[in-house]
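Heads up: the structure comes next, in structure tokens.
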Number of protein chains: 2
Amino acid sequence: MKPTLQAVADAVGVSRSTVSNAYSRPDQLSPALRTQILAAARELGYAGPNPTARSLRRGFVGAIGVLFTSQLSYAFTDPFAVRFLAGVSRAAERHGTSLLLVPLPDDPAGARQAVENAAVDGFCVYCAGDESWALDVIGDRGLPYVTTAARIGAGTDHRYVAIDERAAARSAAEHVAALGHRRVAFLGDGVLPDAPSGPLRLSTADEVPHPTTRGRLAGFQDAFAAVGVDWSAVTLLTAAGNSRAAGADAVRDLLADDAPPTAVLACSDVLALGVLDALAARDRRTAERHPVSVTGFDDIPEAAEAGLTTVRQPAEEKGRIATELLLEPPADPAAGQVLLDTELIVRTSTRPVRS
Amino acid sequence: MKPTLQAVADAVGVSRSTVSNAYSRPDQLSPALRTQILAAARELGYAGPNPTARSLRRGFVGAIGVLFTSQLSYAFTDPFAVRFLAGVSRAAERHGTSLLLVPLPDDPAGARQAVENAAVDGFCVYCAGDESWALDVIGDRGLPYVTTAARIGAGTDHRYVAIDERAAARSAAEHVAALGHRRVAFLGDGVLPDAPSGPLRLSTADEVPHPTTRGRLAGFQDAFAAVGVDWSAVTLLTAAGNSRAAGADAVRDLLADDAPPTAVLACSDVLALGVLDALAARDRRTAERHPVSVTGFDDIPEAAEAGLTTVRQPAEEKGRIATELLLEPPADPAAGQVLLDTELIVRTSTRPVRS
DNA sequence: ACCCCCTTCTGTATCGATTCAGAACTGTAT
DNA sequence: ATACAGTTCTGAATCGATACAGAAGGGGGT
């Protein structure tokens with residue numbers, strides 16, 4: 001059995017409080033006694049106060065939870081999420097706060113419990129699906145949280161760091177529209193939950209449950225509606241998961257059409273890269289006859305190498321700011337609602353439509 | 001003030017134990033009462049048992065610590081570390097265990113405390129520097145740990161998942177030697193602590209403190225010694241940090257020499273990519289006059305795109321196995337010491353020396 | 001000498017739950 | 001009617017520390 005504070009106190013012949021002070025408040029006892037206590041502790045193999053007991057008594061933990069509303073291991077697959085995490089860890093590092101990555105089981109009850117049982121002082125929620133249930137649980141626990149998307153219907157004290165998804169997506173779509181493209185496809189991840197990869201019919205973007213995807217699709221729609229391309233004229237594609245493979249799967253059949261779209265607008269770089277993969281896999285003649293422009297979203301490092309036209313959003317900064325917002329809440333609630341700038345990065349994956 | 005278990009008990013008119021059972025051992029009370037208790041809890045805004053108190057009483061936490069013996073944010077910068085983390089998270093996910101990423105302050109005392117204060121059931125230690133102090137602290141706390149490198153002088157019960165660094169490095173060096181290269185440079189990260197980027201003199205690889213780097217340098221040396229190239233004839237380079245920029249910095253001066261080495265063997269892909277950057281930055285004439293072969297180590301995704309010859313080690317598997325070893329220790333201690341296979345991947349960055 | 005203050009240390013209450021032996025109650029077999 | 005076995009619930013002890021009010025001891029000023 002590992003020795004406790006009490007054991008050390010007994011060994012030295014002082015009270016528990018004094019030993020506690022030796023560790024946590026050195027100014028409360030004489031240096032000589034402190035040295036003696038620490039020596040005795042080493043002797044006994046006491047490695048310092050039990051973190052759990054300390055947290056219980058002190059009322060705080062020194063760790064924040066990071067929640068991905070999707071598989072945790074997915075977070076390490078998406079370069080954007082990794083950059084976000086890098087930002088989070090940088091801010092946490094500065095505050096001496098640890099990061100608790102909480103995996104969420106697939107079943108709702110289990111996921112709920114995971115959030116209830118996390119020993120943390122607050123949550124940084126990376127929105128990648130339906131997270132409102134989690135925010136409710138966190139709220140019930142009385143813990144603060146910060147999200148990466150504005151929560152609809154939340155009060156003015158709700159802190160978040162987001163981008164204007166719709167405007168950002170529109171900027172990409174306007175660029176593509178300006179190049180003359182009129183027969184286009186929109187590609188999103190999980191546009192409708194559980195829908196298989198491939199085309200989908202939807203009367204309006206409002207039907208998409210996930211707010212980020214909804215916003216981006218709406219932005220695409222805005223730009224094309226402005227040049228007279230009706231929503232019903234665009235092909236809407238969904239991918240089963242935000243992965244390169246899923247992106248490729250989603251467009252494969254469409255590309256085999258007689259008259260495939262001249263441009264595909266994807267809701268993420270990862271999906272867009274998958275589209276590029278699928279395009280590269282076509283035979284030479286098809287590729288020449290039907291060139292396809294592609295845009296992504298996020299501007300992950302791989303996008304530059306692939307020459308992908310995309311919308312850049314500052315990933316690391318998003319993570320860093322979110323964490324800072326959580327760890328040191330601004331006095332002014334308005335300062336807790338951050339909208340980051342985005343920038344259209346034009347590369348070689350978008351070209352004028354062949355006339 | 002958030003309600004406690006006691007508050008719920010009082011509201012329903014039962015004992016604390018019963019409320020506790022309602023959450024943790026549903027079979028210990030009648031379904032009717034349980035329903036009533038949960039309803040009352042919801043009513044009061046009680047979000048379930050306090051995780052910290054529960055951990056204290058139960059004696060375990062449900063989280064494992066992940067320790068990078070370097071800046072935590074660095075972990076998200078190195079693709080190899082990210083793949084490793086992906087493996088860790090996959091295994092943790094399956095066990096319903098959370099991951100506590102602990103940032104280590106620069107000062108030794110603070111770093112020690114960070115390890116002492118982490119509320120976890122065990123540690124997964126990613127070796128990337130000097131970690132023996134941390135292992136000592138973890139051991140003193142009576143917690144289990146798994147490392148990514150064999151610990152010298154550790155007992156047969158020490159669990160780790162590693163590769164044969166020396167043999168792996170030798171395989172790369174033999175390939176380069178077979179291509180006829182004799183004037184070569186070895187490049188490592190932090191070959192000597194605090195040494196600035198650039199050349200270094202060392203009488204033997206044994207002087208390198210970090211075991212991984214030491215093993216790899218020794219492996220390089222083995223192969224070249226076998227073809228008659230003495231240790232004193234190779235240029236030893238150190239980089240200040242495992243980054244592309246540091247790798248480029250380390251070789252820049254050397255490349256400007258009249259007779260630069262014909263090959264650079266790096267201890268990581270990240271450094272090797274930096275070398276490629278530096279090579280690409282030379283003017284055309286120099287590049288043609290002095291072609292340089294380059295090898296890396298790890299086989300990160302970027303290596304393939306860059307055509308980098310490298311030694312592949314299974315990153316995700318390393319993380320996954322390490323975590324499994326921690327969470328479900330094998331009965332047979334020998335099964336706790338895993339050596340993974342490596343494979344030399346020959347690409348275009350190595351070519352026969354010009355005769 | 002006396003009083004007061006300051007430093008150093010002690011004792012007790014407390015953080016919020018879980019555990020486990022046993023009490024109370026119910027129903028069943030004898 | 002009695003004993004016995006289950007089920008359901010209770011109470012006290014416990015996990016390992018920290019906070020805070022106050023006791024003890026030492027020194028300076030008058």
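Just so it is clear: chains get the letters A, B, ... in the order the sequence lines come, proteins before strands, and each one is counted from 1. Everything quoted here is computed from the prediction, not taken from an experiment.
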End axis versus end axis in the helix from C:dA1-D:dT30 to C:dT30-D:dA1, the angle rounded to 10°, five pairs used at each terminus:
50°
Give one of base, sugar-phosphate or nothing for B:Thr4, where a contact means two heavy atoms less than 4.0 Å apart.
sugar-phosphate
Whole-Å distance separating the CZ atom of B:Arg34 from the C1' atom of D:dC9:
16 Å
It should be established whether A:Ser30 places a side-chain nitrogen or oxygen under 4.0 Å from OP1 or OP2 of nucleotide C:dT8.
no
Roughly, in whole Å, what's the span from CG in B:Leu33 to C1' in C:dC25?
15 Å
N/O-N/O pairs, protein side and nucleotides 18-24 of chain D side, under 3.5 Å:
from: D:dT18; atom 1: OP1; to: A:Ser24; atom 2: OG; distance (Å): 3.1
from: D:dT18; atom 1: OP2; to: A:Ser20; atom 2: OG; distance (Å): 2.2
from: D:dT18; atom 1: O5'; to: A:Ser20; atom 2: OG; distance (Å): 3.4
from: D:dT18; atom 1: O2; to: A:Arg57; atom 2: NH1; distance (Å): 2.7
from: D:dA19; atom 1: OP2; to: A:Arg25; atom 2: NH1; distance (Å): 3.2
from: D:dA19; atom 1: N6; to: A:Ser17; atom 2: OG; distance (Å): 3.1

Side chains of B:Tyr145 and B:Tyr160, heavy atoms from C-beta outward: is any pair under 4.5 Å?
no
Between A:Phe60 (CZ) and C:dG16 (P), how many Å, whole number?
15 Å
Step-by-step ring pair (Phe, Tyr, Trp, His ring centres under 6.0 Å) determination, B:Tyr46 to B:Tyr23
CA-CA 12 Å; B:Tyr46 178 74; B:Tyr23 284 96; 5.8 Å; yes
Provide, to the nearest angstrom, the distance between the CD atom belonging to A:Gln36 and the C1' atom belonging to C:dT8.
14 Å
Cationic N near anionic O, under 4.0 Å, A:Asp136 to A:Arg151:
yes
What's the verdict on side chain to side chain donor-acceptor pair (under 3.5 Å) for A:Thr147 and A:His158, showing C-alpha distance, side-chain angles and the deciding distance?
CA-CA 9 Å; A:Thr147 64; A:His158 168 216; 3.2 Å; yes
Separation of D:dG16 atom P from A:Gln6 atom CD, nearest Å, is 11 Å
In whole angstrom, give the distance that lies between atom CG of A:Leu56 and atom P of C:dG16.
7 Å
Do B:Phe68 and B:Phe76 touch side chain to side chain, with heavy atoms closer than 4.5 Å?
no
Pair B:Thr18, B:Ser15 - check side chain to side chain donor-acceptor pair (under 3.5 Å), show working.
CA-CA 5 Å; B:Thr18 304; B:Ser15 79; 3.2 Å; yes
Rounded to whole Å, please give me the gap between CG in A:Asn117 and C1' in C:dT18.
14 Å
Is the closest basic N to carboxylate O distance between A:Arg90 and A:Glu316 below 4.0 Å?
yes
Mark yes when over 12 heavy atoms from residues, nucleotides or ligands other than A:Asp194 sit less than 6.0 Å from its CG; otherwise mark no.
no
Do B:Thr52 and A:Phe60 have side chains that get closer than 4.5 Å, going by heavy atoms?
no
